There are 2 protein chains.
Amino acid sequence: MSEPSEADRDPETVSRFVEHFAAHLVEAGLPRMPARVFVALLASDTGVLTSAELGETLKISPAAVSGAVRYLAQQHMVSREREPGSRRERYRVHGDQWYEALANRDAVIRRWEDALREGVTSLGEATPAGRRLAETLAFLEFVEKELEAMMERWRTHREERFGRG
Amino acid sequence: MSEPSEADRDPETVSRFVEHFAAHLVEAGLPRMPARVFVALLASDTGVLTSAELGETLKISPAAVSGAVRYLAQQHMVSREREPGSRRERYRVHGDQWYEALANRDAVIRRWEDALREGVTSLGEATPAGRRLAETLAFLEFVEKELEAMMERWRTHREERFGRG
DNA sequence: CGCTTCCTTCAGAAATTTGTGAAGTTAAGG
DNA sequence: CCTTAACTTCACAAATTTCTGAAGGAAGCG
């Protein structure tokens with residue numbers, strides 16, 4: 001029998017995890033292909049894969065890889081690198097970068113806030129509906145601030161536990 | 001110019017806000033009908049609407065209302081009430097209930113954690129991939145605890161600012 | 001320069017999701 | 001009980017989304 005070493009990178013084991021975890025992300029609202037690509041990167045040993053490798057392990061066309069990666073890059077969940085002196089593009093999931101993507105939700109929150117402010121104004125601050133919207137707005141403003149503080153605490157916590165990544 | 005009173009509840013103004021804010025929620029992953037129904041409730045003066053009222057303001061069939069409401073109830077974003085001695089069902093968005101739904105994300109996070117733990121085990125704790133997954137897991141565990149604390153702080157903050165709802 | 005490699009874009013096929021009408025279910029009211 | 005009101009469920013039609021294959025660029029390499 002084989003040693004429990006790198007040899008355990010049985011493609012099937014990896015694939016099982018990829019599909020399983022990706023399914024959860026999909027359920028949470030991430031499009032299918034981006035989810036699969038993202039998890040494949042997370043589960044790779046170097047955290048870097050080429051487009052071709054992604055296509056092969058996930059059994060999808062180059063076009064699908066391209067689309068998924070574009071999506072992920074927009075969300076700042078992966079970064080693209082150019083291998084110098086080669087046409088190969090490499091995609092990387094930076095350990096932290098992915099947490100920071102969560103902080104990126106910030107942008108989303110801020111747009112919600114804008115919409116709510118408009119609602120408070122147009123419905124009237126003094127109306128019950130206006131007050132309800134105002135409270136929701138206050139909640140989001142609160143969360144926004146808290147998230148920032150939380151990420152700061154995480155960075156500290158992380159260094160204690162994992163050392164500088 | 002007109003007084004900012006209840007007279008401002010021009011259906012068209014309300015509708016504009018509903019559609020606008022709902023669009024943001026959809027973009028964030030909420031299905032369309034649930035999003036519209038939810039915002040319609042948020043923007044109503046009492047925070048309570050009957051199925052018929054929802055159908056009329058949103059111009060959708062009873063079936064669509066039914067489906068949307070079922071979804072929202074499952075997510076704990078609205079609650080259903082039975083008007084005693086009537087067949088009419090009423091749907092309510094409780095001011096806080098909706099924040100607490102965010103805490104409900106807890107359940108989602110916990111399932112992610114389970115999937116990640118499995119991944120760490122099957123890929124091997126000692127492998128680079130395993131370590132990456134372990135760190136992601138640690139992040140989620142951290143967030144889970146923080147969220148709870150955050151909600152607690154919000155409740156305090158809220159009372160200071162709005163008095164007990 | 002032209003060839004080759006790799007990625008992207010585009011149009012369309014396939015699959016999934018979404019919303020409706022119609023029939024079914026439950027419960028109030030006569 | 002029978003009628004009527006209100007919501008729900010189901011099957012299907014419609015719209016949207018998703019992925020592919022094919023054609024179209026950019027960039028290294030000879």
Side-chain angles (χ1 to χ4, degrees), chain A residues 15 18-19 22-41 44 46 48-75 77-93, chain B residues 15 18-19 22-41 44 46 48-75 77-93:
Chain A
S15 176
V18 169
E19 299 305 331
H24 283 292
L25 297 182
V26 168
E27 202 175 339
L30 212 64
R32 182 181 310 272
M33 284 293 145
R36 296 178 71 208
V37 167
F38 178 68
V39 179
L41 280 168
S44 72
T46 57
V48 179
L49 292 175
T50 66
S51 176
E53 289 167 327
L54 283 168
E56 195 193 350
T57 55
L58 296 175
K59 302 277 196 301
I60 58 180
S61 71
V65 174
S66 177
V69 157
R70 177 165 17 130
Y71 178 95
L72 291 171
Q74 265 170 0
Q75 311 293 318
M77 291 174 73
V78 308
S79 56
R80 351 166 59 118
E81 304 179 345
R82 203 158 300 211
E83 207 170 342
S86 162
R87 282 134 300 198
R88 271 199 174 140
E89 200 116 13
R90 305 193 310 172
Y91 306 110
R92 150 165 288 146
V93 52
Chain B
S15 177
V18 169
E19 299 305 330
H24 284 291
L25 297 182
V26 167
E27 202 174 341
L30 212 64
R32 183 182 310 274
M33 285 291 145
R36 296 178 70 210
V37 166
F38 178 68
V39 180
L41 279 168
S44 72
T46 57
V48 179
L49 292 175
T50 66
S51 175
E53 288 168 327
L54 283 169
E56 195 193 351
T57 55
L58 297 175
K59 301 277 195 299
I60 58 179
S61 71
V65 174
S66 178
V69 157
R70 174 160 28 123
Y71 179 95
L72 291 171
Q74 265 171 1
Q75 312 293 318
M77 291 174 72
V78 307
S79 56
R80 351 164 59 117
E81 304 178 346
R82 203 160 298 214
E83 206 169 343
S86 161
R87 281 136 300 199
R88 269 196 177 142
E89 201 119 11
R90 305 192 310 173
Y91 306 108
R92 151 165 288 146
V93 52

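Excluded from the calculations below are hydrogen atoms, water molecules and symmetry mates; all remaining heavy atoms, backbone and side chain alike, are included. All chains are named by letter (A, B, ...) in the order of the sequence lines, taking the proteins before the strands, and each is independently numbered beginning at 1. Not measured: the values here are computed from a predicted model.
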Would you say [X] reaches [N]'s phosphate, i.e. side-chain N/O to OP1/OP2 under 4.0 Å?
X: B/S51; N: D/dA6; answer: no
X: B/R88; N: D/dT4; answer: no
X: B/R80; N: D/dT8; answer: yes

Would you kindly give the [atom1]-to-[atom2] distance between [X] and [N], to the nearest whole Å?
X: B/E81; N: D/dA6; atom1: CD; atom2: C1'; value: 17 Å
X: A/Y71; N: C/dT9; atom1: OH; atom2: P; value: 17 Å
X: A/E89; N: C/dT5; atom1: CD; atom2: P; value: 18 Å
X: B/L54; N: D/dT8; atom1: CG; atom2: P; value: 11 Å

Reading 5' to 3' through nucleotides 23-30 of chain D, protein heavy-atom contacts under 4.0 Å coded B for base, S for sugar-phosphate only, - for none: ----BBS-
Qualifying salt bridge (charged side-chain N to carboxylate O under 4.0 Å, His left out) pairs, either residue in residues 60-74 of chain B, two or more places apart: none
Nearest-nucleotide pick for A/A64, side chain only, options being C/dC10, D/dC19, D/dT9: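 Nearest to the side chain of A/A64 among the choices is D/dC19.
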Among D/dT20, C/dT20, C/dT9, the nucleotide that comes nearest once only the side chain of A/R70 is considered: C/dT9
Can you sort out the partners of [X] under side-chain contact (heavy atoms from CB on, under 4.5 Å), two or more places apart, ordered by chain and number?
X: B/A22; result: B/A35, B/R36, B/V39
X: B/A63; result: B/S61
X: B/P62; result: none

Global bending angle along the helix from C/dC1-D/dG30 to C/dG30-D/dC1, which compares the axes of five pairs at either end, to 10 degrees: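 That helix gives 20° between its end axes.
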Dump every N/O contact between nucleotides 12-18 of chain C and the protein below 3.5 Å, one line per pair.
none

Shortest non-hydrogen contact from B/F38 toward B/L72: N-CD1, 3.9 Å
Option from A/L54, A/L58, A/L49 for which side chain to side chain contact (heavy atoms under 4.5 Å, CB included) with A/V65 holds: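 Between A/V65 and the candidates, side chain to side chain contact (heavy atoms under 4.5 Å, CB included) is satisfied uniquely by A/L54.
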Residues which pass side-chain hydrogen bond (donor to acceptor under 3.5 Å, both in side chains) with B/R90, listed by chain and number, not counting sequence neighbours: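 Expected list: B/E81.
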Sugar-phosphate, base or nothing in reach of B/Y91, heavy atoms under 4.0 Å: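 The answer is sugar-phosphate, as B/Y91 gets under 4.0 Å only of primed atoms, P, OP1 or OP2.
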Taking salt bridge (charged side-chain N to carboxylate O under 4.0 Å, His left out) as the test, write out the residues that go with [X], two or more places apart.
X: A/E53; result: none
X: B/R88; result: none
X: B/R80; result: B/E89

Ring pair (Phe, Tyr, Trp, His ring centres under 6.0 Å) partners for B/Y91, two or more places apart: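 Applying ring pair (Phe, Tyr, Trp, His ring centres under 6.0 Å) to B/Y91 gives none.
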